[in-house]
Amino acid sequence: MRIMEKRFRGAQICRVLSYPIAYAIAKILLESGPLSLDEIVNLVGRSKPAVCHHLAKLRLANIVRYDKDWRSTLYWIKYSEELKRVFKGCEDLVDRTTRRLKKDY
């Protein structure tokens, strides 16, 4: 894979996870395991169309996968260990920048 393509895909993942709803959906799926759309909607506390929109973006970024049965669809995280590391890195960076802000002011 070319370097430019890797950068593009990395930027695409960051772009998708930059939305608080998408971040929350991915975090919930990571912690809870496979969930249906209605369960995700209840846990996120947003409208079904909003959740569907962000699930579609997460699917396109190859973060979330789904399995469709006759009446229900289950969503789950495709690369859970890698996403755990991404979330850990984000949370560590937020903690670090917050400490610096408190220290600087």
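The figures here come from the full heavy-atom set of this structure, side chains too, leaving out hydrogens, waters and symmetry mates. Since this is a predicted model, take the numbers as computed values, not measurements.
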Residues in side chain to side chain donor-acceptor pair (under 3.5 Å) contact with Ser36, at least two apart in sequence or another chain: Glu39
Distance-minimising heavy-atom pair for Val94 and Thr98: O-OG1, 2.6 Å
ILVMFWY network linking Leu35 to Ile25, side-chain heavy atoms under 4.5 angstrom: yes
Who are the side-chain contact (heavy atoms from CB on, under 4.5 Å) partners of Ser72, not counting sequence neighbours? Asp69
Across all chains, not counting sequence neighbours, the side-chain contact (heavy atoms from CB on, under 4.5 Å) partners of Leu37 are Val41, Lys48, Val51, Cys52, Leu55, Tyr75
Step through the shown structure and confirm whether more than 12 heavy atoms of other residues, nucleotides or ligands are within 6.0 Å of CZ on Arg59. yes
Rounded to the nearest 0.5 Å, what's the gap from CD1 on Ile21 to CD1 on Ile40? Could you check? 12.5 Å
Gap separating the CG atom of Leu58 from the CD1 atom of Ile63, nearest 0.5 angstrom: 5.5 Å
Please identify each residue that fulfils side-chain contact (heavy atoms from CB on, under 4.5 Å) with Glu31, with sequence neighbours left out. Lys27
Between Val44 and Trp76, is there shared hydrophobic-cluster membership here, with clusters defined by ILVMFWY side-chain heavy atoms closer than 4.5 Å? no
Among residues at least two apart in sequence or on other chains, which ones pass ring-ring contact (aromatic ring centres under 6.0 Å, His included) with Phe87? Tyr23
Sequence neighbours left out, what passes side-chain contact (heavy atoms from CB on, under 4.5 Å) with Arg7? Give chain and number order. Ile3, Met4
Minimum-distance pair of heavy atoms, taken over all atoms of Leu30 and Leu83: CD2-C, 4.3 Å
Nearest-0.5 Å distance, CG of residue Leu43 to OG of residue Ser32: 6.0 Å
Show the nearest heavy-atom pair for residues Lys57 and Val16, with the distance to one decimal. O-CG2, 3.9 Å
For residues 16-26, which residue pairs pass the salt bridge (Lys or Arg N to Asp or Glu O under 4.0 Å) check, not counting sequence neighbours? none
Any side-chain hydrogen bond (donor to acceptor under 3.5 Å, both in side chains) pairs touching residues 78-89, not counting sequence neighbours? Asn62-Lys78, Glu81-Lys84, Lys88-Asp92
What one should report as the nearest heavy-atom pair of Leu17 and Ala26 is CD2-CB, 4.1 Å
List the residues meeting side chain to side chain donor-acceptor pair (under 3.5 Å) with Asp67, not counting sequence neighbours, and say none if there are none. none
Sort and list the pairs that fulfil ring-ring contact (aromatic ring centres under 6.0 Å, His included) and have at least one residue in residues 26-58, not counting sequence neighbours. Tyr19-His54
